[in-house]
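The next block holds one structure in the form of structure tokens; read it before the comments.
First listed ligand is number 1; within each ligand, the first listed atom is number 1.
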Amino acid sequence: MSIYVVGHKNPDTDSICSAIAYAYFRNTRVKEKGDLKLQEEAIPVRQGDLNPETEFVLKKFGFETPELMTDGEGKKVILVDHSDVAQSLDNIDKAEIIAIIDHHKIGDITTPNPIMMMVMPCGCTATVIKGIFDYCNIEIPPNIAGILLASILSDTVAFKSVTTTEKDKKAAEELAKIAGIDNMMALAMEMFKAKSDVAGKSPRDLLFRDYKDFDMSGYKVGIGQIEVVDLSLLDEIKDALYDEMNKVKEEGNYNSIFLMLTDIMKEGTELLCVTDNPEVVEKAFGKKLEGKSVWLDGVMSRKKQVVPPFEKAFASL
Ligand code: MG
Ligand code: MG
Ligand code: MG
């Protein structure tokens, strides 16, 4: 039986590349250590389409797109970059979870047996995986180092996000050396350009490109994020995005849908809001909704700067 390594729904670069890297790590450890318990082959899979940034990264470092797998029933799985049921495989309760490697808050996934779990409060799952390679003394090949580095640059927005830790910076420097990349900021800019490619994409595709569902005190909340090098790239499509959010809210019976339009260069976010309880925005950020949105200076991270204040605000309703 194989073991499938999988990141969250609507995968980002970290979810895809950490799955590839961790599968490589596990398979290499089997060979090197001859560990009988680890003999099943680990296979990286994905829960959805790749975003243009991830496509660019896989192509640059010579990796194939992992196979699509959306249902966990009867499978052995390793989860990377998430531990929330809502973000995981369908029927995750009917899967056997072998390990969880992550850098988010602990989610609501539970297991009947003890598992390997490595969760650190750093900027990227790839940073945690770099640490696991080092701890186990397993050499990181240049192409794996490349995708781990790209994941760190993506998740930390080239170290600008408040989620960035010294561990991420140190891991990135070491990975860049292994991958033979002298100028990691040039790589980051190439990635951000790829990520900013919104031309010709449907509003629905853009809304769900980087989108997560949350249960906040019983309220169903969806939070998406589009990161671009210049918000003016979204001017023409903003109204269509807002209409789409309204549609999705109705279809999915949401209390709220929020969409972070993040300007990587200005280091801030315009938060588009469709909600039954507009007061949560003021409760969370101390700023009233101005029409459809609110500008949040310095806000770039969903998990650190948007999810926690909203969780508090919904808990107080
Ligand atoms: Mg992620
Ligand atoms: Mg991540
Ligand atoms: Mg992200």
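Nearest to the Mg ion (ligand 1), among the N, O or S atoms that Asp12 has, is OD2. When the N, O or S atoms of His103 are ranked by distance to the Mg ion (ligand 2), NE2 comes first. Counting just the N/O/S atoms of Asp81, the one with the shortest distance to the Mg ion (ligand 1) is named OD2.
Metal site remark for the Mg ion (ligand 2): His104 contributes no N, O or S atom at a distance under 2.8 Å.
Shown are Thr127, Asp168, Asp81; of these, the side-chain hydrogen bond (donor to acceptor under 3.5 Å, both in side chains) with His103 is made only by Asp81.
Salt bridge Arg46/Glu67: absent, no basic N to carboxylate O contact under 4.0 Å.
Using a distance-only test at 3.5 Å, with no hydrogens or angles considered, no donor-acceptor pair links the side chain of Asp205 to the main chain of Lys201. With hydrogens and angles ignored, the 3.5 Å screen pairs no side-chain donor or acceptor of Lys249 with any backbone N or O of Thr275.
The side-chain tip of Lys220 points at the ring of Tyr254 from less than 6.0 angstrom away and within 45° of straight on.
Seen from the Mg ion (ligand 2), atom OD2 on Asp155 and atom OD2 on Asp14 lie at an angle near 90° (rounded to 10 degrees).
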